[in-house]
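For reference, the structure discussed in these notes is given below.
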Amino acid sequence: MNHIADNIIALQRKLPRTVSLVVVSKTRTQNEILEAYNAGQHIFGENRVQELLAKKRLLPDDIIWHLIGHLQTNKVKHIVPVVSMIESVDSIKLLSLINAEAANCQRKIDCLLQVHIAEEEVKTGFDAKEIETVDWQAITLLMPNIRIRGLMGIATFTDDRQKVRSEFRSLASMFRSLKKRCFNDVPWFNELSMGMSGDWEIAVEEGSTIIRVGTIIFGKRIN
Ligand SMILES: *Cc1c(COP(=O)(O)O)cnc(C)c1O
């Protein structure tokens with residue numbers, strides 16, 4: 001029995017059509033990722049630039065890679081040529097560097113603004129206040145080689161389902177007001193990336209369009 005393939009097929013069956021699945025392959029081997037790929041999975045998420053680059057070289061060309069972890073400014077030039085989406089944009093400076101590098105490569109990179117919604121202080125991302133006050137429309141006009149596709153958030157790691165739900169709900173509400181304020185006539189501003197292995201069902205109920213899951217596909221990470 002092929003458990004990775006089974007897990008993907010079972011999860012795809014439960015997911016509404018409007019939600020896309022990013023399989024998080026950090027720490028997983030080439031063979032594990034290939035098993036997922038052979039089960040029909042084509043979008044994979046990695047949180048480290050070096051790891052993503054190394055895996056990309058070994059794996060099929062039509063895999064769509066999302067960067068989901070903090071991006072250091074000195075790694076922008078390495079990642080821009082190979083990813084289709086950067087889900088973890090956490091500063092305007094980073095956005096502008098991505099735009100400049102994408103222009104160099106004649107690419108257009110999809111970006112999500114990561115918003116800090118969890119209570120832990122270590123989690124990176126924009127504050128709600130910045131999302132609500134910055135003129136993102138002006139930024140978009142200045143940066144033709146990026147497309148801001150929506151928001152991404154990571155909920156607090158807790159058993160308190162109500163707390164997780166309220167964090168997702170506030171992110172979804174932020175998404176809607178940002179859409180109205182800055183992206184009303186922008187059809188591609190339509191992605192809300194929230195939900196991981198432990199909380200994806202709540203996220204989907206609260207309006208997620210992208211879930212990022214690793215553990216429920218591959219099993220527990222050991223490192
Ligand atoms: C590791 C990671 C995930 C997936 O976590 P699981 O609990 O294994 O599903 C999702 N999003 C981000 C940003 C991650 O770093």
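Worth knowing before you read on, the calculation uses all heavy atoms, side chains too, and leaves out hydrogens, waters and symmetry mates. When a ligand or atom number is given, it counts from 1 through the structure's own listing order.
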Proximity flag R221 to ligand 1, non-hydrogen atoms under 4.0 Å: yes
Of all the non-hydrogen atoms in the protein, which one sits nearest to atom 9 (O) of ligand 1, and at what distance? S197 OG, 2.5 Å
Report the part of T215 (side chain from C-beta onward, or backbone N, CA, C, O) that has a heavy atom under 4.0 Å from ligand 1; answer both or neither where that applies. both
Please classify the K26 to ligand 1 contact at 4.0 Å (heavy-atom distances, strictly less than): side chain, backbone, both or neither. side chain
Any salt bridge between E119 and K163, counting N to O under 4.0 Å? yes
Which atoms of ligand 1 have any heavy atom of V213 under 4.0 Å away? 9 (O)
Salt-bridge test for R181 and E132: reply yes if a basic N is under 4.0 Å from a carboxylate O, no otherwise. no
Return the residue, atom name and 0.1 Å-rounded distance of the protein heavy atom closest to atom 11 (N) of ligand 1. R212 NE, 2.9 Å
Under 4.0 Å between a Lys/Arg side-chain N and an Asp/Glu carboxylate O for R169 and E206? yes
Of the backbone atoms (N, CA, C, O) and the side-chain heavy atoms from C-beta on, which set of I154 has a member under 4.0 Å from an atom of ligand 1: side chain, backbone, both, or neither? side chain
Atom CG of D159 with >12 non-hydrogen neighbours under 6.0 angstrom: no
Which protein heavy atom lies closest to atom 5 (O) of ligand 1, and at what distance to 0.1 Å? M196 CE, 3.5 Å
Considering both backbone and side-chain atoms of N47, is one of its nitrogen or oxygen atoms within less than 3.5 Å of a nitrogen or oxygen in ligand 1? no
Do Y37 and H42 have their ring centres less than 6.0 Å from each other? yes
Looking only at the side chains, is there a donor atom on one of Q114 and S88 sitting less than 3.5 Å from an acceptor on the other? no
Between the main-chain N or O of W188 and the side-chain N or O of R149, is there a donor-acceptor pair closer than 3.5 Å? yes
I'd like to check whether G214 has a polar contact with ligand 1, where a contact means an N/O of the residue lying under 3.5 Å from an N/O of the ligand. yes
Shortest protein heavy-atom distance from atom 12 (C) of ligand 1, along with the residue and atom involved: I68 CD1, 3.5 Å
Test item: R48 side-chain N/O and G69 main-chain N/O as donor-acceptor pair under 3.5 Å: no
